[in-house]
Amino acid sequence: MIKVGIVGGTGKLGKDIIKLLSDQTDILIGAVVARKGNPFVGNDLGSLIDGLFPNILIEDNIPDSINKCDIYIDCTSAEAMMSNYDAYRLANKPVIIATTGFNAEDIERLSTLSSSIPIVICPNFSIGVFKFLKLIKLAATEFGMNSDIDIFEYHHKYKKDKPSGTAIAIAHSIKDTGLEDPINIHSVRSGNIIGEHSVMFTTNDNERIEIAHKIYSREGFSKGVIETIKWISSKQAGLYGIEDIFE
């Protein structure tokens with residue numbers, strides 16, 4: 001049995017993950033942590049999410065939840081995640097980072113923390129996105145040298161960071177093939193779009209190759225969330241990415 005602490009559990013992604021885990025028999029919600037001052041702190045989880053888990057109180061302090069959790073999923077923001085850095089160090093439990101927007105200094109600090117605990121940075125739980133990145137690498141190898149390269153990403157209007165973590169991962173995948181900038185990234189925030197990414201290679205021979213990935217429901221993330229929880233629970237200390245989980 002794996003007990004999971006959801007940090008940022010009152011937000012959009014956090015609530016989605018809680019709902020997903022509600023019908024799991026080998027993964028339990030150990031704790032839900034929100035920021036200090038959050039109006040739901042002190043209330044039972046059932047008051048927030050369709051009557052689910054009425055015996056779990058929403059907390060505002062990670063250290064108080066340490067004995068209730070085997071791993072943590074952080075669904076907050078880059079800034080909030082880094083403010084919880086010392087709490088995660090104290091907890092000494094695996095951490096799944098489900099947010100984006102980290103700068104180079106943040107990544108360096110997370111790398112330092114990963115010398116003592118397993119950390120996976122997973123900006124997108126979709127297994128399809130992992131396959132998509134592999135296709136992008138192939139296309140970049142075949143067409144990238146003589147092409148203009150554009151990445152397009154579309155998300156709901158409440159998503160704060162631009163570009164998305166997945167768009168950045170796409171750019172890194174392209175650069176891994178030896179190609180350099182310019183790689184243009186175009187971001188759109190509108191409506192309730194869950195997540196769409198595409199890459200366009202426009203060649204000098206008046207041809208265009210496009211590869212796209214679209215999520216039509218947040219259930220598309222479900223298998224990836226479960227796989228990631230089970231995967232990291234048995235890993236040694238280190239900094240991991242989506243490619244380590246789904247390879």
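Hydrogens, waters and symmetry mates play no part in the numbers below; they use all other heavy atoms, side chains included.
- We find the NZ-OG distance between K214 and S198 to be 8.0 Å, quoted to the nearest 0.5 Å.
- Between the OH atom in Y240 and the OG atom in S114 there is a gap of 8.5 Å [rounded to 0.5 Å].
- Ring geometry for F152 against Y154 counts as parallel: the plane angle stays under 30°, on a 0 to 90° scale with 60° as the upper cut.
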- [ ] Might you work through the side chain to side chain donor-acceptor pair (under 3.5 Å) test for D74 and Y88, ending with a clear yes or no?
- [x] CA-CA 10 Å; D74 192 295; Y88 287 127; 2.6 Å; yes
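- When atom types are taken as modelled, the side chain of T112 and the backbone of E108 share a donor-acceptor pair closer than 3.5 angstrom.
- Each of I183, I185, T202 was compared with I149 under the side chain to side chain contact (heavy atoms under 4.5 Å, CB included) criterion, and only I183 meets it.
- Among all heavy-atom pairs drawn from T100 and A78, the shortest one is O-CB, 3.4 Å.
- Shown here for N92 and S116, the closest heavy-atom pair between the two residues is OD1-O, 3.7 Å.
- Residue L57 is not grouped with residue L48 when hydrophobic side chains (ILVMFWY) are merged at heavy-atom distances under 4.5 angstrom, including chains of intermediate members.
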Open item on the list: Does D86 form a salt bridge (charged side-chain N to carboxylate O under 4.0 Å, His left out) with R89? I'd like the steps, not just the answer.
Closed with: CA-CA 5 Å; D86 289 334; R89 181 171 54 81; 3.3 Å; yes
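- Note that NZ of K162 and CZ of R189 are 6.0 Å apart. Values are rounded to the nearest 0.5 Å.
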TODO: Could you go through the side-chain contact (heavy atoms from CB on, under 4.5 Å) check for I245 and I232 one step at a time?
DONE: CA-CA 8 Å; I245 303 168; I232 199 173; over 6 Å; no
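- Taking the six-membered ring for Trp and thresholds of 30 and 60 degrees, F132 and H213 have ring planes inclined between 30 and 60 degrees apart.
- Under the 30°/60° scheme for interplanar angles, the aromatic rings of F201 and F143 are found to be tilted.
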Task: Evaluation steps, side-chain contact (heavy atoms from CB on, under 4.5 Å), between Q24 and M1 - done: CA-CA 10 Å; Q24 297 297 308; M1 192 72 65; over 6 Å; no
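- No continuous path of ILVMFWY side-chain contacts below 4.5 Å connects M81 to I242, so the two sit in separate hydrophobic clusters.
- Between I117 and K93 there is no side-chain heavy-atom pair separated by less than 4.5 Å.
- Summarising the geometry of S233 relative to I2, their closest heavy-atom pair is OG-CD1, 3.6 Å, with the distance given to 0.1 Å.
- Between the CD1 atom of I6 and the CD1 atom of I96 there is a distance of 8.0 Å, given to the nearest 0.5 Å.
- Shown here for S187 and E153, the closest heavy-atom pair between the two residues is OG-OE2, 2.6 Å.
- For E79, the CD atom is loosely surrounded, since the number of other residues' heavy atoms within 6.0 Å does not exceed 12.
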Open item on the list: As a quick check of understanding, evaluate side-chain contact (heavy atoms from CB on, under 4.5 Å) for D50 and K19, giving each step before the final call.
Closed with: CA-CA 9 Å; D50 303 329; K19 290 176 183 177; 3.9 Å; yes
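- Considering L110, T76, V120 as possible partners of I97, the one that fulfils the side chain to side chain contact (heavy atoms under 4.5 Å, CB included) test is L110.
- In this structure, H156 contributes its side chain and K159 its backbone to a donor-acceptor pair below 3.5 Å.
- Here the side chains of E196 and V188 are not in contact, with every heavy-atom distance at 4.5 Å or above.
- Residues K230 and I27 have side chains in contact (heavy-atom distance under 4.5 Å, counting atoms from C-beta outward).
- Within 6.0 Å of the CD atom in E243, the count of heavy atoms belonging to other residues, nucleotides or ligands exceeds 12.
- When the shell of 6.0 Å around CG of N103 is examined, it contains more than 12 heavy atoms from other residues, nucleotides or ligands.
- Among the candidates I229, L28, D16, the single residue satisfying the side chain to side chain contact (heavy atoms under 4.5 Å, CB included) test with L21 is I229.
- One distance of note links NE2 of H186 with CG of N184; it measures 5.0 Å at 0.5 Å rounding.
- Residues L239 and I121 have side chains in contact (heavy-atom distance under 4.5 Å, counting atoms from C-beta outward).
- Closest of all the heavy-atom pairs between D161 and S164 is OD2-CA, 3.9 Å.
- In terms of hydrophobic clustering, with Ile, Leu, Val, Met, Phe, Trp and Tyr side chains grouped at heavy-atom distances under 4.5 Å, I56 and I49 are assigned to a common cluster.
- Side-chain contact between I58 and N38 is absent, with no heavy atoms from C-beta onward closer than 4.5 Å.
- Using a distance-only test at 3.5 Å, with no hydrogens or angles considered, a donor-acceptor pair links the side chain of Y85 to the main chain of R109.
- Here the closest non-hydrogen pair linking T99 and S77 is OG1-CA, 3.3 Å.
- The CZ atom of F53 lies 5.0 Å from the CD1 atom of I29; values are rounded to the nearest 0.5 Å.
- Under a 4.0 Å N-O distance rule, the pair E59/K68 qualifies as a salt bridge.
- At most 12 heavy atoms of other shown residues, nucleotides or ligands fall within 6.0 angstrom of atom CG in N67.
- Residues I73 and L45 are members of one and the same hydrophobic cluster, defined by side-chain heavy-atom contacts under 4.5 angstrom among Ile, Leu, Val, Met, Phe, Trp and Tyr.
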TODO: Would you sort out whether I174 and V199 count as a side-chain contact (heavy atoms from CB on, under 4.5 Å), showing the intermediate values?
DONE: CA-CA 10 Å; I174 293 171; V199 182; 4.2 Å; yes
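- Looking at T141, its side chain does come within 3.5 Å of a backbone N or O of K137 through a donor-acceptor pair.
- Under the 4.5 Å side-chain heavy-atom criterion for Ile, Leu, Val, Met, Phe, Trp and Tyr, V4 and I62 are members of distinct hydrophobic clusters.
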